[in-house]
Structures are given as C-alpha cells and as structure tokens.
Peer 1: 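Have a look at this one.
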Amino acid sequence: MKRSLAAAIIAMVSGSCAIAAPDTYPSQPITFLVPYAAGGPTDTVARLLAEAMGRRLGGRIIVENVAGAGGTLGSGRVAKAEPNGYTLLLNHIGMATSVTLYPGASYDPVAAFEPIGLIVDVPMTMVGRASLEPNSLAELVSFVRRGEGRATYAHAGPGTASHLCGTMFLAATRMTATAVPYRGTGPAMSDLVGGQVDFMCDQTTNTTTFIRSGHVKAYVTTRAARIPTLPEVPSAPEAGFATLELSIWHGLYAPKGTPPEIRQKLEAALAAALDDPALTARFGELGGIVVAQAERRPAALRAKLAAEIERWRGVLSPAQ
Ligand code: ASP
C-alpha cells in the first residue's frame with residue numbers, strides 16, 4: 001500500500017497518469033506495441049497472445065501498431081515509455097538485426113528493455129502472386145534472372161524478416177530484383193494478392209491462409225523439413241536452398257525500469273498463456289511452434305537476443 005502511494009506521488013510529480021502499482025496491476029488496459037503494420041504476421045502473434053495473456057492477468061490488452069524504419073520506430077517508442085507495465089513491445093528477429101542496420105537508432109535493444117520471454121518460432125515461405133508464371137523455386141530463379149532486376153519483391157523494411165529472407169534468396173542465387181518496401185507485410189500481402197508485386201518471403205503466420213486459398217503461390221519454406229500445415233510446399237533443402245533456413249523468433253519486452261513485481265506477473269501470464277492448448281493449436285495451424293517452457297523466461301530471451309545480435313552482425317552491414 002505504502003509503495004503504491006509513493007509510486008502515485010512520483011507519477012503525479014512527473015506528470016504521468018499511468019501509475020506503476022504492482023499490487024493492483026493491471027488496473028487499466030495494457031498496450032502491446034507491434035512495430036509493423038496491422039494485419040501482418042507479427043500483429044497476428046500479438047493479437048493471439050494479447051487475448052490469452054489478458055485472460056490470465058484479469059485485464060484487457062490492446063494491440064497498437066507503430067510501423068516504420070524496419071520496426072525501430074515502434075521499438076523506440078516503447079524504449080521511452082513509462083516503465084509501468086502498461087506499454088510493452090512485441091517484436092521479432094528485427095530486434096537483433098536493427099543493431100547492425102540502424103546504428104543511429106534512438107535506443108539500445110539490450111539496455112533499454114527488460115526481457116519478459118520468448119513466444120513462438122515461425123518459419124517463412126517464399127510466395128508469388130497467383131498469376132506469376134513460375135511454379136517451382138527453380139522456375140522462380142529463372143524468372144528473376146530473365147528480368148535482370150525488374151522482378152519486384154516486397155519486404156517490410158531493412159532488417160525485417162521478409163527483408164532478410166529476400167536478401168538471402170537473392171544473395172544465394174547471385175540475382176538482383178527490385179525491392180518494394182512496406183510498413184509491414186500485411187499491406188505487402190494485399191499488393192501481392194492484387195498482383196502489384198511479384199514475390200515476397202514472409203512468415204507462415206501471414207502466408208498460410210493465402211496459400212491455402214490459392215491467392216498466392218508457395219515455392220519453398222525456410223525449414224529443413226516440410227511444415228505439416230503446408231505439406232505440398234517443398235522444404236528449403238528439397239528446393240535446393242539449404243541456406244535459406246530461417247526461423248523467426250518473437251519476444252515480449254517491457255521498458256527498462258519496470259518494477260520486478262509487475263515483470264513477474266507478466267512472466268507468469270506469458271508462461272501460462274503458452275500452456276493453453278487452444279493458443280498452441282492456433283499458432284500450430286499457422287505454422288508456428290510455441291517455445292519450450294524453459295524459454296518463456298527473461299533469461300532465455302536475453303540470451304537469444306545477445307546471440308542473434310552477434311549472428312547478424314557478421315552477416316549484415318549498415319549500408320544494406
Ligand atoms: N513480416 C514482417 C517482417 O518482414 C513484419 C510484419 O509485418 O509483421 O518482418
């Protein structure tokens with residue numbers, strides 16, 4: 001009680017209206033900020049998790065999309081948010097790639113956040129507009145090669161999953177194509193379905209529905225083995241692209257300084273939500289694999305982020 005009062009006074013003095021009161025947390029809606037456009041795969045992960053965690057916390061979780069600059073705009077917003085547990089960041093592999101690609105970003109992904117835990121691993125699929133003539137990855141390579149840079153591919157900005165996958169594909173085949181950047185692959189998918197761009201590599205949390213409905217063609221997954229929910233799509237090694245293996249990990253973060261009692265509530269709610277068979281099944285239908293119990297912990301996300309920052313530092317350069 002004493003602590004709540006002190007926190008309230010500090011918040012009033014600093015002009016903030018959201019009070020970090022661990023005892024009563026959450027007493028107002030929590031925001032999951034997604035640093036990409038609405039309707040995309042990261043947004044889908046956030047909305048499914050928000051619903052499941054909100055039930056465990058006994059409060060409402062709202063998803064807000066703040067897109068731009070490959071996810072660094074929205075991530076920077078959370079880095080500067082009041083550390084009271086009411087503004088959290090849900091981001092993916094882009095948290096690690098941004099260190100190399102955005103050296104001038106307004107925040108340090110390691111120093112500015114308290115990791116809550118890892119969520120789900122999602123593979124990717126190379127997809128093309130339904131009217132694109134290639135029917136296999138080998139044919140897509142010939143098509144892109146013949147285009148001599150004119151074939152277009154969509155991505156969500158430098159450092160995003162779609163950008164990494166597209167870049168890896170073009171580098172492995174020593175080809176060029178015209179990049180068409182979007183604020184997220186939700187809007188990019190609309191243009192792919194509409195035939196405005198030729199191809200894109202994106203998480204199965206976005207592509208599965210469109211592949212199944214025939215709105216896009218799928219050429220390859222970025223997994224070593226076929227994905228059970230997309231059995232007709234060749235794995236990376238089957239398509240002759242073992243180097244295209246890529247799994248997109250997602251994490252939940254709170255701003256640095258969030259009180260430990262609030263973090264513990266969030267950690268427990270995350271772990272419990274990921275135990276929910278309905279949530280696991282929904283992620284599974286979309287090709288995602290919920291992380292093992294030991295990874296739903298801050299230490300696991302901290303270690304993953306550190307390892308991935310080093311991994312991508314060796315592969316990417318700020319000039320890309
Ligand atoms: N799939 C996007 C990416 O390429 C982000 C998004 O829109 O969720 O990282």
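FYI, the numbering just counts along the sequence from 1. Note that ligands are numbered from 1 as they come in the structure, with each ligand's atoms numbered from 1 the same way. What's counted below: heavy atoms across the whole structure, side chains too, no hydrogens, waters or symmetry copies.
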Peer 1: Donor-acceptor pairs under 3.5 Å, side chain of residues 140-148 to any protein atom, not counting sequence neighbours: which ones?
Peer 2:
unit_1, atom_1, unit_2, atom_2, d
Ser142, OG, Ala138, O, 3.2
Arg145, NH2, Thr173, O, 2.7
Arg146, NH2, Glu133, OE2, 2.8

Peer 1: Where is the tightest heavy-atom contact between Leu301 and Pro115, given as atom of each residue plus distance?
Peer 2: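 Nearest heavy atoms, Leu301 then Pro115: CD2-CB, 3.6 Å.
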Peer 1: Return each pair, listed once, that meets disulfide bond (SG atoms under 2.5 Å apart) where at least one residue sits in residues 138-173; pairs must be two or more places apart or across chains.
Peer 2: Cys165-Cys201
Peer 1: Extract all donor-acceptor atom pairs below 3.5 Å that involve side chains of residues 245-255 and protein atoms in other chains or at least two apart in sequence.
Peer 2:
unit_1, atom_1, unit_2, atom_2, d
Trp249, NE1, Glu308, OE1, 2.7
His250, ND1, Val120, O, 3.1
His250, ND1, Ile248, O, 3.3

Peer 1: Name the one of Thr204, Thr185, Thr208, Thr207 that satisfies side-chain contact (heavy atoms from CB on, under 4.5 Å) with Pro41?
Peer 2: Thr185
Peer 1: Pairing donors with acceptors under 3.5 angstrom, does anything connect the side chains of Ser162 and Asp202?
Peer 2: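 Side chains of Ser162 and Asp202: no pair found under 3.5 Å.
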Peer 1: Under a 3.5 Å threshold, I'd like every N/O contact between ligand 1 and protein atoms, with atom names and distance.
Peer 2:
unit_1, atom_1, unit_2, atom_2, d
ligand 1, 1 (N), Thr185, OG1, 2.7
ligand 1, 1 (N), Asp202, OD1, 2.8
ligand 1, 1 (N), Gln203, OE1, 2.7
ligand 1, 4 (O), Ala161, N, 3.4
ligand 1, 4 (O), Ser162, N, 2.8
ligand 1, 4 (O), Ser162, OG, 2.5
ligand 1, 7 (O), Thr185, N, 2.8
ligand 1, 7 (O), Thr185, OG1, 3.3
ligand 1, 8 (O), Thr42, N, 3.1
ligand 1, 8 (O), Thr42, OG1, 2.6
ligand 1, 9 (O), His92, NE2, 2.6
ligand 1, 9 (O), Ala161, N, 2.9

